[in-house]
Structures are given as structure tokens and as C-alpha cells.
Amino acid sequence: MAGYGTDQGFTDWLSENGFTLPEGAPSIAVLRERGSSYIDGTYGSRFSGVPTGGFAQERAWPRTGAKAYGQAIGSDVIPDAVIKASYVAAFAEAKAPGSLSVTYTPGTTKVLTKVDKIEWDVIGDASAAGAMIPVLSAVEGLLAPFLVPVGGIPDILVV
């Protein structure tokens, strides 16, 4: 598989942002692959449109019928923001290898409920697999214009 962008593009992005890869980080190509897989796996079902090459397409982009800010995106275009989001994810992976692919076993979840009169209550659903997906705020911001609600936008809205 090929990650979004290019090795040179990722190298340039690192330099432009003042980042350097940590000692012993995986190769740039491997990091791009991991970052792109994170983007597709985490956000692919929420991107507008459908993969141009159908269900067998290697990556979530390019897409047919995709829009951002109300404007159509060409069916042969991979938005620069998607490429940069994959670079952000790749850099996060370089800093903490394996952090983008968290393993979760639901039966082993433990919640701290009491410590010397300090009580803790669960305020979210920590039992769901989705609770283990790392959220990178920079990626969220870059991809926001391309995302639709899970299940798509309803055809009819009742007010």
C-alpha cells in the first residue's frame, strides 16, 4: 500500500513545522503508511462521497461525490488537508510507535471507584471499543470540512 502524500512531502512537512523524527523511528514510508491507515480506519466511513474506485480501492481517497464547504471535490483529487492529516498521524506514530493501533479487550476493563473517600464515577462509555481510538486534535481540525455524521446526512429533516 502507498500512504497519502510522498516521502519528500512528509520530509518537507516535518521541516516546515520544525519537527524531526525521533532516533530509531520507522522509515518515512512506513510512517506514511501507518498515518494513512489511521486516517482511513478512523475517518473513512465519515468522509463525504464514496471511494472513486469502489469498495476495493486501496485508500479512502480519492472519492466521488465528496464535498467540503459546499463545494464539490473532483473524483481524482486527494485534498491537501487529508495528506497533511496523514502526516500529523505519521509523526504521532513516530513519537510513540504503536499508539495509532491500540488493542482493547473489553472483558478486562477496570474502573477505579473508591480511594480513601475519593470516589470516581465513569462519565463516558469506557466499555466501547471506540473509547480506545486515539484522537489527534490537529487531525480532527484538518479533516472536519470533509466529514459527515455517521450514517450520512438525512434526506429529509423534520423541524
Side-chain angles (χ1 to χ4, degrees), residues 1-69 71-111 124-153:
M1 283 194 194
Y4 293 120
T6 64
D7 288 356
Q8 187 60 53
F10 182 43
T11 301
D12 292 346
W13 178 86
L14 288 167
S15 178
E16 290 164 4
N17 288 280
F19 298 137
T20 56
L21 293 177
E23 184 86 21
S27 73
I28 288 175
V30 167
L31 290 171
R32 283 184 39 246
E33 174 62 31
R34 291 179 187 177
S36 299
S37 293
Y38 168 79
I39 297 301
D40 289 348
T42 303
Y43 299 96
S45 64
R46 293 173 34 205
F47 286 135
S48 63
V50 297
T52 300
F55 70 89
Q57 182 173 297
E58 182 178 20
R59 291 265 166 245
W61 287 90
R63 299 178 78 78
T64 298
K67 292 183 178 184
Y69 302 111
Q71 296 180 330
I73 299 170
S75 61
D76 60 344
V77 173
I78 299 172
D80 191 53
V82 171
I83 294 168
K84 286 190 171 128
S86 74
Y87 292 166
V88 170
F91 184 59
E93 179 70 10
K95 293 188 302 183
S99 64
L100 298 181
S101 56
V102 177
T103 300
Y104 170 66
T105 307
T108 63
T109 301
K110 295 179 183 177
V111 178
D125 183 9
S127 64
M132 298 301 293
I133 297 171
V135 176
L136 305 171
S137 59
V139 168
E140 291 275 321
L142 285 164
L143 297 182
F146 307 99
L147 302 176
V148 296
V150 175
I153 299 172

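Closest approach of Gly35 and Leu100 over heavy atoms only: CA-CD1, 4.3 Å. Closest non-hydrogen pair, Pro97 versus Ala94, comes out as CD-O, 3.8 Å. Residues Ala66 and Arg63 share a closest heavy-atom pair of CB-CB, 4.0 Å. For the pair Ala60 and Gly44, the tightest heavy-atom approach, listed with the atom from each and the gap, is CB-CA, 4.3 Å.
Contact check for Ser36 versus Ile39: no side-chain heavy atoms found under the 4.5 Å cut-off. Residues Leu147 and Ser48 form no side-chain contact, since every pair of their non-hydrogen atoms from C-beta on lies 4.5 Å or further apart. Taking 4.5 Å as the limit, every side-chain heavy atom of Phe55 sits out of range of all side-chain heavy atoms of Val50. Side-chain contact between Leu21 and Leu31 is present, with heavy atoms from C-beta onward closer than 4.5 Å. No side-chain heavy atom of Pro149 sits under 4.5 Å from any side-chain heavy atom of Arg46. Between Tyr4 and Val82 there is a side-chain heavy-atom pair separated by less than 4.5 Å. The closest side-chain heavy-atom distance from Pro62 to Val77 is not below 4.5 Å. Looking at heavy atoms from C-beta onward, Ile83 lies out of side-chain contact with Trp13 at the 4.5 angstrom threshold.
In this structure, Asp7 CG and Ser27 OG are separated by 7.5 Å, a value rounded to the nearest 0.5 Å. Here the straight-line distance linking atom OG1 of Thr64 with atom CD of Gln57 works out to 8.0 Å at 0.5 Å rounding. Rounding to the nearest 0.5 Å gives a distance of 14.5 Å between CD of Glu33 and CD1 of Ile28. Here OG of Ser15 is found 12.0 Å from CZ of Phe10. Values are rounded to the nearest 0.5 Å. Distance check: Leu143 CG to Tyr43 OH gives 6.0 Å after rounding to the nearest 0.5 Å.
Electrostatic pairing of Glu93 and Arg32 does not count as a salt bridge here, judged by no charged N lying under 4.0 Å from a carboxylate O.
Between the side chains of Thr52 and Ser75, no donor-acceptor pair is found at a separation under 3.5 Å. A donor and an acceptor atom, one from each side chain of Tyr87 and Asn17, are nowhere located under 3.5 Å apart.
Panel note: side chain Glu140, backbone Val135; no donor-acceptor pair is recorded below 3.5 Å.
Using bins of under 30°, 30° to 60° and over 60° for the plane-to-plane angle, the ring pair Phe146/Trp61 lands in the perpendicular bin.
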>> Test side chain to side chain contact (heavy atoms under 4.5 Å, CB included) on Thr20 and Leu14; report intermediate values, then the result.
In response: CA-CA 6 Å; Thr20 56; Leu14 288 167; over 6 Å; no

